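Structure record follows, encoded as structure tokens.
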Protein chains: 2
Amino acid sequence: MARKQGSHAGITGPKVQEAALRLFAQHGFAAVSMRQIAAEVGVQAGALYNYTPDKQALLFDLLRDHMATLALALDQAGIAGDPLTRLDGFTRFHIRFHLRRRDAVFLSYMELRNLTPANFARIAALRRAYEDRLEAILRDGVTTGAFTLPDPRIATMALIALLTGITNWYRPDGRLSEADVSDTYLALVRQTVGAGQPAATAAPQDVSLAIGGLGA
Amino acid sequence: MARKQGSHAGITGPKVQEAALRLFAQHGFAAVSMRQIAAEVGVQAGALYNYTPDKQALLFDLLRDHMATLALALDQAGIAGDPLTRLDGFTRFHIRFHLRRRDAVFLSYMELRNLTPANFARIAALRRAYEDRLEAILRDGVTTGAFTLPDPRIATMALIALLTGITNWYRPDGRLSEADVSDTYLALVRQTVGAGQPAATAAPQDVSLAIGGLGA
DNA sequence: GTCTATAAGAGGATAGAC
DNA sequence: GTCTATCCTCTTATAGAC
């Protein structure tokens, strides 16, 4: 939609998107000029308008593409099974996807305010649809008794914030690999939903082993 | 005495801070002009420079004041006792403080990139000190066996993200009161740290009694 | 598709009157 | 302490050459 119909967008189009994404995330939408983006791409400012009607549309396209990619990737992640298995799958998927798209993640939280109301509504609906995928898992888990949660909707928002917050501190060159982080958060998420180790119900089980196979 | 307009030394300064905070949070630092702030305060743009050397310093002061207020308020919250009690106190404090200062919270996460490196380092140190207060609680809880956590530092970051994320969705006129939210998150946080119900600290003790003092 | 040139204005910050 | 006026730079977006 940002692209003129019938343009033979070769390599410049994608480069514009990539440069805009990086610069908007780094400095903020309003702080980045079209000249800066053009310089990053290696063209003059005027040439950018072959790829976007204006700066606003450039931002909206980035956010919409991010949310669409997220939904598609979740579909393709093949998350199925009992609630705990699906929760594990969602957790790993979310961490992996978001750690690899930190610029887009930051933008999609930060620059919503620069969207028109109509465009904001479209992005918010896409985000809500994603949240609902997690909420469905949590509700199923509560129904089957696998999870203990006071309010599945609140737990959904809490978990997404908890997971997405990784992008605020994780550094690829830090002490932890992505796999380390993913494993650690998997355990935290299980505890958060009350599935801990086979959890509060499991503590007695562990002990029962210690005292001579009384249970389990 | 023969002043063209009234001079309001005592009142204009705070009004500048308030207007800047609101506008920066709403539109972004770079998107707000000094003229906009001045209009909000009710003075001309030039007059703002009686209160700040430049726009940058205005932002830094807002963030530094926010972090200083946070640290002071935490000191005054009188959080003490066993780890679970202190965790509960921290949770309630954090939610209450952050829900009442949403603009400053948003700013302090989103506009760090607009600080000079030196100023960024100062704000980051203040934030780190706050995080460390929670981390100390978690480490104590792990030591006493009250909490079960794979990595207290990661759990700290996870909990702060989980709690601060409330500001992304909570609306004072929504279905939940601040007390509702606080209660629900209290339960979630306890589960997250592996303390389950308040009785979770007691569960191991009960068991240890059952098996003859083998446990803690 | 990209360039140069330019329109039309908004931006931060300062000077000096009062 | 606030005003008006101003400097100079940077901004988005367009026009028309190639």
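Here is how names work: the chains are called A, B, and so on, in the same order as the sequence lines, proteins then strands, and each is numbered from 1. Model, not experiment: these values are computed from the prediction.
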Taking DNA chain D as the partner, which of residues 33-49 of chain B come within under 4.0 angstrom of it by heavy atom?
-> B:Arg35, B:Val43, B:Gln44, B:Ala47
Listed by chain and number, what are the salt bridge (Lys or Arg N to Asp or Glu O under 4.0 Å) partners of A:Arg127, not counting sequence neighbours?
-> none
Please identify each residue that fulfils salt bridge (Lys or Arg N to Asp or Glu O under 4.0 Å) with A:Glu135, with sequence neighbours left out.
-> A:Arg139, A:Arg153
What is the separation between atom [atom1] on [X] and atom [atom2] on [N], rounded to the nearest whole Å?
X	N	atom1	atom2	result
B:Asn114	C:dG12	CG	P	12 Å
A:Leu58	D:dA13	CG	C1'	14 Å
B:Lys55	C:dA13	NZ	C1'	12 Å
A:Asp54	D:dT11	CG	P	17 Å
B:Leu23	C:dG11	CG	P	12 Å
A:Asn50	D:dA17	CG	P	17 Å

Test the A:Arg92-A:Phe90 pair against the cation-pi criterion, namely NZ or CZ under 6.0 angstrom from the six-membered ring centroid and within 45° of the ring axis.
-> no
Under 4.0 Å between a side-chain N or O of A:Thr12 and OP1 or OP2 of C:dT2?
-> yes
D:dG1 phosphate, OP1 or OP2: any side-chain N/O from B:Tyr51 under 4.0 angstrom?
-> no
Any pair counted as ring pair (Phe, Tyr, Trp, His ring centres under 6.0 Å), so long as it reaches [range], sequence neighbours left out:
range	value
residues 104-124 of chain A	none
residues 166-190 of chain A	none
residues 11-48 of chain B	B:Phe24-B:Phe29

